[in-house]
Novice: 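Got a structure here, written out as structure tokens. Questions coming.
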Number of protein chains: 2
Amino acid sequence: MKGRLTARQNEAYEFIRAYQRRHHKPPTLQEIGEALGIRSTNGVFKLLRALEKKGYLRRDPGAARGLHLLDSDDPFALTDEVPSLPVISRTASHEPERLRARPAGFLTVDPFFLPRGLDPDTCLIGRAGDDGMSGEGIFKGDLLLIEEVPWRTLNSRELVACLVGELLLARRFVFVNNRIHLQPANRTYLEEVFPPDDPGCHVIGPIRAVFRRLP
Amino acid sequence: MKGRLTARQNEAYEFIRAYQRRHHKPPTLQEIGEALGIRSTNGVFKLLRALEKKGYLRRDPGAARGLHLLDSDDPFALTDEVPSLPVISRTASHEPERLRARPAGFLTVDPFFLPRGLDPDTCLIGRAGDDGMSGEGIFKGDLLLIEEVPWRTLNSRELVACLVGELLLARRFVFVNNRIHLQPANRTYLEEVFPPDDPGCHVIGPIRAVFRRLP
DNA sequence: TTGGATGGTGAAAATATTTTCACTAAATCG
DNA sequence: CGATTTAGTGAAAATATTTTCACCATCCAA
């Protein structure tokens, strides 16, 4: 029995949800007001009443922080919506079929980086092993969000992650004359060419996002 | 670094945990008192202070329901916070003192990108407004994790985000001869120089991470 | 046996937070 | 057009909640 939310109401709803996820408790009216740029708590109050009437939250009148989102009631459900992707360990190249085995860790990734509702179960995180794509802004050590797909479904010149030798590399993928070409974007690196079944080369899939921590 | 809990302290701890689990927010002192049969909120207050001193919870002095259990072994302890940072809206340059007002949205960021336990409350997300730092792998549209600090505390040649005119830009920061120099890393852009109080230039702080979604 | 830590009572003070009131302005709808 | 919804401002009132103060009792270790 939910009405549709106005843009403003949605902003309030999303803020409450983000706040709850971060602080494990609901915000006060003042905190909502600050976040949305509303100077009067009454402005916030009315937004909340509208949200309540439309069935998006329940209030506990009189109680401090007496809010309670209905959709995603459980704080653990909230964290579930933010996928945690396995980080490929350095030993993965020994058995590229089992990239998810013994992950080096997990990285929380905002759904913003999973376009078109990409299935999180098909995604992985890998660390770029060289500067071969520095010309396109991918540096050694960057974390790459990789969608795992069969390499035959890739488009030509798609930006991919692959395991070559002991390293996980970002490259442009080209398939011609029954050969996989991995093209760097840095003059000091050379294009590499492999037959499709070369055990020393495993193309994982396209790179969907790049994350870099700066010193 | 935890002391042992007395029976009474443990009862309080367990009640808080159960309450949090059920209501998705911490209880008030009165509610704890009712549950444990303590008539004075001060009795509860002292229990909480003891729990805090022993490292079992954190308090947020002055805030209603300002409690927060710590123990990370406990699935309901809720400590491993995955912060949700506000994304600076495009209209922020009109009032750079209130960057958090009316955020364009929120981005969940893995704690991995907050070095040395950087306080999430001092961090923001901004979108790079040009390609002025493409030479260092930051492109227009990239999401920047910015630590908000007073510009006088910056080191020379530090990579910073700043609001110049209508745009949020990444640049190298240099302060000499009482002038702020913003240096690009792309030959087609020019260094810009501002007096420290120029209203058209607001240096937000150093860039701690870069996130890019690929097409 | 004295002194600190613990665990209280009860009341009052100080804040935090919600709620109400009066008023404005824009957008929407029948 | 006029009525309704939405989204505010600003101030004040009403409560909820935290914090402090004075005081008491018990237990335990030095």
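Letters A, B, ... are given to chains in the order of the sequence lines, protein chains preceding strands, and every chain is numbered from 1.
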Novice: Is there a donor-acceptor pair closer than 3.5 Å between any side-chain N or O of B/D110 and the backbone N or O of A/T108?
Specialist: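 Confirmed, B/D110 side chain pairs with A/T108 backbone.
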
Novice: When you measure from the side chain of A/K140 to the backbone N and O of A/D131, does any donor-acceptor pair fall under 3.5 Å?
Specialist: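 Answer holds: no.
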
Novice: Using a distance-only criterion (donor-acceptor N/O pair, under 3.5 Å, no hydrogens), is the base of C/dT19 paired with the side chain of A/T41?
Specialist: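 By the distance-only test, yes, there is a pair.
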
Novice: Does A/M133 offer a backbone N or O that forms a donor-acceptor pair with the side chain of A/E136 under 3.5 Å?
Specialist: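 Flag not set: sc A/E136 to bb A/M133 has no pair under 3.5 Å.
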
Novice: Would the distance check show the side chain of A/R8 and the main-chain N or O of A/L36 forming a donor-acceptor pair, the cut-off being under 3.5 Å?
Specialist: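 Between the backbone of A/L36 and the side chain of A/R8 there is a qualifying donor-acceptor contact (under 3.5 Å).
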
Novice: Atom CG of B/L47 to atom P of C/dA5: distance rounded to whole Å?
Specialist: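 About 16 Å, once rounded to whole Å.
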
Novice: To the nearest Å, give me how far apart CZ (A/F45) and P (D/dA14) are.
Specialist: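 Value for this atom pair: 15 Å.
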
Novice: Take atom CG of B/L48 and atom C1' of C/dT6, then tell me their distance rounded to the nearest Å.
Specialist: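 The answer, rounded to whole Å, is 14 Å.
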
Novice: Output all residues satisfying ring-ring contact (aromatic ring centres under 6.0 Å, His included) with A/F175, sequence neighbours left out; order by chain, then residue number.
Specialist: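 ring-ring contact (aromatic ring centres under 6.0 Å, His included) list for A/F175, sorted by chain: A/W151.
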
Novice: Compute the bend angle of the helix from C/dT1-D/dA30 to C/dG30-D/dC1 from the end axes (five pairs per end), rounded to 10°.
Specialist: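 Both end axes considered, the difference amounts to 30°.
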
Novice: Whole angstrom is fine here: how far is it from CG in A/L51 over to P in D/dT6?
Specialist: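 Atom-to-atom, A/L51 to D/dT6, this comes out as 11 Å.
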
Novice: Kindly write out the residues that satisfy salt bridge (charged side-chain N to carboxylate O under 4.0 Å, His left out) with A/E158, not counting sequence neighbours, or none if the list is empty.
Specialist: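 For A/E158 there are no salt bridge (charged side-chain N to carboxylate O under 4.0 Å, His left out) partners, ignoring immediate neighbours.
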
Novice: Rounded to whole Å, how long is the line connecting atom CG of B/D60 with atom C1' of D/dT19?
Specialist: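 My rounded result for the distance is 14 Å.
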
Novice: Do A/S40 and D/dG8 have a side chain to base donor-acceptor pair shorter than 3.5 Å?
Specialist: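 No, no donor-acceptor pair under 3.5 Å.
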
Novice: Check every strand shown and say whether B/G43 touches a base, only sugar-phosphate, or nothing at a heavy-atom separation below 4.0 Å.
Specialist: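 Here B/G43 touches the bases of the nucleic acid.
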
Novice: Identify, residue by residue, the members of residues 27-39 of chain B with a heavy atom below 4.0 Å from DNA chain C, and return them in order of residue number, or none.
Specialist: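 Heavy-atom contacts with DNA chain C come from B/I38, B/R39.
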
Novice: Can you tell which of B/R212, B/R127, B/R213 makes a salt bridge (Lys or Arg N to Asp or Glu O under 4.0 Å) with B/D142?
Specialist: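 Filter result, single survivor: B/R212.
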
Novice: Assign a letter to each nucleotide of nucleotides 22-30 of chain C from its 5' end: B, base within under 4.0 Å of a protein heavy atom; S, sugar-phosphate only; -, no contact.
Specialist: B--------

Novice: Just wondering, do A/E147 and A/R208 contact through their side chains at under 4.5 Å, heavy atoms?
Specialist: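 The answer is yes; the side chains approach within 4.5 Å.
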
Novice: Does B/A50 reach a base, just sugar-phosphate, or nothing at all? Heavy atoms under 4.0 Å.
Specialist: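 Contact class for B/A50: none.
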
Novice: Suppose we call two aromatic rings close when their centres sit under 6.0 Å apart. Are B/F211 and A/F112 close by that rule?
Specialist: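 No; A/F112 has its ring centre 6.0 Å or more from that of B/F211.
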
Novice: What's the closest nucleotide to the side chain of A/R49 if the choices are C/dT9, C/dT17, C/dT20?
Specialist: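 Selected nucleotide: C/dT20.
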
Novice: Using modelled atom types and a 3.5 Å cut-off, is there a donor and acceptor pairing between side-chain atoms of B/E31 and backbone atoms of B/T28?
Specialist: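 Yes: the side chain of B/E31 pairs with the backbone of B/T28.
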
Novice: How close or far is atom P of C/dA5 from atom CD of B/Q9, stated in whole angstroms?
Specialist: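 Computing the B/Q9:CD to C/dA5:P distance gives 13 Å.
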
Novice: Under the rule for ring-ring contact (aromatic ring centres under 6.0 Å, His included), what residues qualify as partners of A/Y19, not counting sequence neighbours?
Specialist: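 A/Y19 satisfies ring-ring contact (aromatic ring centres under 6.0 Å, His included) with A/F15, A/H23 once adjacent residues are dropped.
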
Novice: Can a salt bridge be assigned to the pair B/R172 and B/E191 using a cut-off of 4.0 Å between side-chain N and carboxylate O?
Specialist: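 The answer is no: the pair does not qualify as a salt bridge.
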
Novice: Could you tell me how far apart B/R65 (CZ) and D/dA16 (P) are, to the nearest whole angstrom?
Specialist: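 Taking atom P of D/dA16 as the reference, CZ of B/R65 is at 11 Å.
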
Novice: Using a cut-off of less than 4.0 Å, is there contact between a side-chain N or O of A/R8 and OP1 or OP2 of D/dG8?
Specialist: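 So the side chain of A/R8 is within the cut-off, an N or O lying under 4.0 Å from OP1 or OP2 of D/dG8.
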
Novice: Counting only side-chain N and O atoms of B/R59, is one of them less than 4.0 Å from OP1 or OP2 of D/dT19?
Specialist: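 For D/dT19, OP1/OP2 do have a side-chain N/O of B/R59 under 4.0 Å.
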
